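The figures that follow rest on heavy atoms only: side chains count, while hydrogens, waters and symmetry mates do not. Chain letters run A, B, ... following the sequence lines, proteins first, then strands; residues in each count from 1. Note that the structure is predicted; figures quoted are calculated from it, not measured.
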There are 2 protein chains.
Amino acid sequence: MSASETRQQIVDVADRLFYEHGFEATSFADIAKDVGLSRGNFYYHFKTKDEILDAVIAQRLANTSGMLLAWEQDAASPTECIRNFVHILIANRTKIMAHGCPVGTLCNELAKLDHTAKDRAASLFTLFRDWLRRQFVKLGREEDADALALHVLMRSQGVAALAAAFRDEEFIRREVADMEAWLHAQCPAASNPNPRQPA
Amino acid sequence: MSASETRQQIVDVADRLFYEHGFEATSFADIAKDVGLSRGNFYYHFKTKDEILDAVIAQRLANTSGMLLAWEQDAASPTECIRNFVHILIANRTKIMAHGCPVGTLCNELAKLDHTAKDRAASLFTLFRDWLRRQFVKLGREEDADALALHVLMRSQGVAALAAAFRDEEFIRREVADMEAWLHAQCPAASNPNPRQPA
DNA sequence: GTCTATATGGGGATAGAC
DNA sequence: GTCTATCCCCATATAGAC
């Protein structure tokens, strides 16, 4: 196998394990085992655990950027864009109930560890924040677009946190519906040619 | 020093360190150092790290119960009670911006570790949930009291998570004010003899 | 590029002196 | 009740053969 392919596999596995069990609790041996690599060979690809974390965050930033850009190109309206974001909670409900929000929990852990990468992890939030702000600007809410973006982010974080604590799928669906109602109330005049049902 | 005093000191220090740095990242040596105890002597008071965690959670449950009970006895109305809860975000803003919500981040970590104590940590949420539900019942919202309670909890979790990621105090104050407006809209007929300003 | 073997350090936990 | 000394395991990280 080529070095780049192996490296990619390592990042993919590390990404998943960091999400499922946390950064600190995931050992090199865990990653190597799932990739099917010896611990020794591991260091050919990554010198330190922090290097893997950097690669994982970089990949998440790239994937998230791509996803948001695609949404912006495909969605019929800014409202539809924001709805897409909110519906991540339902689409990923199983994983969220098991492990929480991938971004929120990582930021949490790195902040407690006072890890050097904590700000880069938080920049994942900034990606969503700026993108949401842009949607609200398009909806004519220039003045409080950033506050609205943070409000949507805040709600999704709260839903993910409680959904994980209580393992309550009905709670997720209820709060997503409430966010859609809130969204509609924020921009009542917004065009909405392709309405989607709450669940 | 008596055994019970030393034990209490250990629990207090562990409580703080678990909050500031997380459960796993806090070592026996860290706790012992802050208490002024040798690692060896430590095991006279607690046999395992999980025992300390149990004691910390038990203490948090007791303290929280006491606080909620006192609020219920002192507050002029259920609305005032809920407002007290929401205002924890402002009262503890410095610590929240640094380390997040003590309950949410602990539940998070224990869930990822699949720790046996994760459900007991989540019961801290249940304490708030049941208490909030009771307040909404008093306000005449029997039918959806639990959903409203979860909604308030959800918002406070979301605010704590983002406040920690962005270190934004203004965001906290804005969202607390928004929650108070929401609360007022939920129970417009509720008596409110002692209104409190948003900040 | 992949392996085995190994160095090094930290953390949980124990034994036993005082 | 407190201490020092120590054991054991696991995790990061390295060296060097293949």
Side-chain angles (χ1 to χ4, degrees), chain A residues 1-58 106 109-110 112-118 120-121, chain B residues 1-58 106 109-110 112-118 120-121:
Chain A
M1 190 182 306
S2 78
S4 70
E5 281 171 342
T6 303
R7 186 192 154 95
Q8 183 59 44
Q9 276 198 338
I10 291 174
V11 174
D12 288 340
V13 168
D15 192 353
R16 179 175 57 81
L17 292 180
F18 288 173
Y19 177 39
E20 291 177 356
H21 307 298
F23 170 69
E24 223 193 354
T26 300
S27 70
F28 276 17
D30 294 331
I31 304 173
K33 195 187 99 191
D34 276 26
V35 176
L37 224 59
S38 75
R39 266 178 308 167
N41 185 18
F42 208 96
Y43 288 85
Y44 174 80
H45 301 279
F46 289 98
K47 298 303 175 203
T48 70
K49 202 177 174 183
D50 288 353
E51 270 186 35
I52 306 177
L53 178 61
D54 282 349
V56 166
I57 294 176
L106 181 64
E109 183 180 359
L110 296 183
K112 298 239 179 202
L113 297 176
D114 202 23
H115 195 283
T116 52
K118 69 176 176 178
R120 284 238 311 292
Chain B
M1 190 183 306
S2 79
S4 69
E5 282 171 341
T6 303
R7 186 192 154 94
Q8 183 60 44
Q9 277 198 338
I10 290 173
V11 174
D12 288 341
V13 168
D15 193 354
R16 179 175 58 80
L17 292 179
F18 288 172
Y19 177 39
E20 292 176 358
H21 307 298
F23 170 69
E24 223 193 354
T26 301
S27 70
F28 275 17
D30 294 331
I31 304 173
K33 195 187 100 190
D34 276 26
V35 177
L37 224 58
S38 74
R39 262 178 310 166
N41 185 19
F42 208 96
Y43 288 85
Y44 174 80
H45 301 278
F46 290 97
K47 299 301 174 203
T48 68
K49 201 179 176 184
D50 287 353
E51 270 186 35
I52 307 176
L53 178 61
D54 282 349
V56 167
I57 294 176
L106 181 64
E109 182 179 2
L110 296 183
K112 297 238 180 203
L113 298 176
D114 202 21
H115 196 283
T116 53
K118 69 175 176 178
R120 286 237 310 293

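Contact annotation: the side chain of Ile52(B) approaches that of Phe28(B) to within less than 4.5 Å [non-hydrogen atoms, C-beta and beyond]. Within the 4.5 Å cutoff, no side-chain heavy atoms of Thr6(B) are placed close to those of Tyr44(B). Taking the side chain as every heavy atom from C-beta outward, Phe46(B) and Val11(B) approach each other to under 4.5 Å.
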Check: So Leu110(A) and Arg120(A), side-chain contact (heavy atoms from CB on, under 4.5 Å) or not? Walk me through it.
Finding: CA-CA 10 Å; Leu110(A) 296 183; Arg120(A) 284 238 311 292; over 6 Å; no
Note to self: Go through it in stages, so that I can follow the logic: the residues are Phe23(B) and Lys49(B), the test is side-chain contact (heavy atoms from CB on, under 4.5 Å), and I'd like the CA-CA distance, side-chain angles, deciding distance and then a yes or no.
What the structure shows: CA-CA 9 Å; Phe23(B) 170 69; Lys49(B) 201 179 176 184; 3.9 Å; yes
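What separates CD1 of Ile10(A) from C1' of dG1(C) is a distance of 11 Å, to the nearest Å. Residue Ile31(A) contributes atom CD1, which lies 12 Å from atom C1' of dA11(D) at whole-angstrom precision. Rounded to whole Å, the distance from CZ on Arg7(A) to P on dT2(C) is 14 Å. In this structure, Lys33(B) atom NZ and dT2(D) atom C1' are separated by 20 Å, rounded to whole Å.
For the pair Thr6(B) and dT2(D), the criterion of a side-chain N or O lying under 4.0 Å from OP1 or OP2 is met. Taking 4.0 angstrom as the limit, Tyr44(A) places a side-chain polar atom (N or O) nearer than this to OP1 or OP2 of dG1(C).
Listed by first then second residue, pairs satisfying salt bridge (charged side-chain N to carboxylate O under 4.0 Å, His left out) with a partner in residues 10-24 of chain B read Asp15(B)-Arg60(B), Arg16(B)-Glu20(B), Arg16(B)-Asp34(B), not counting sequence neighbours.
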Next item on the list: Do nucleotides 12-18 of chain C as a string where each nucleotide becomes B, S or -: B if the base has a protein heavy atom under 4.0 Å, S if just the sugar-phosphate does, - if no protein is that close.
Entry: SBB----
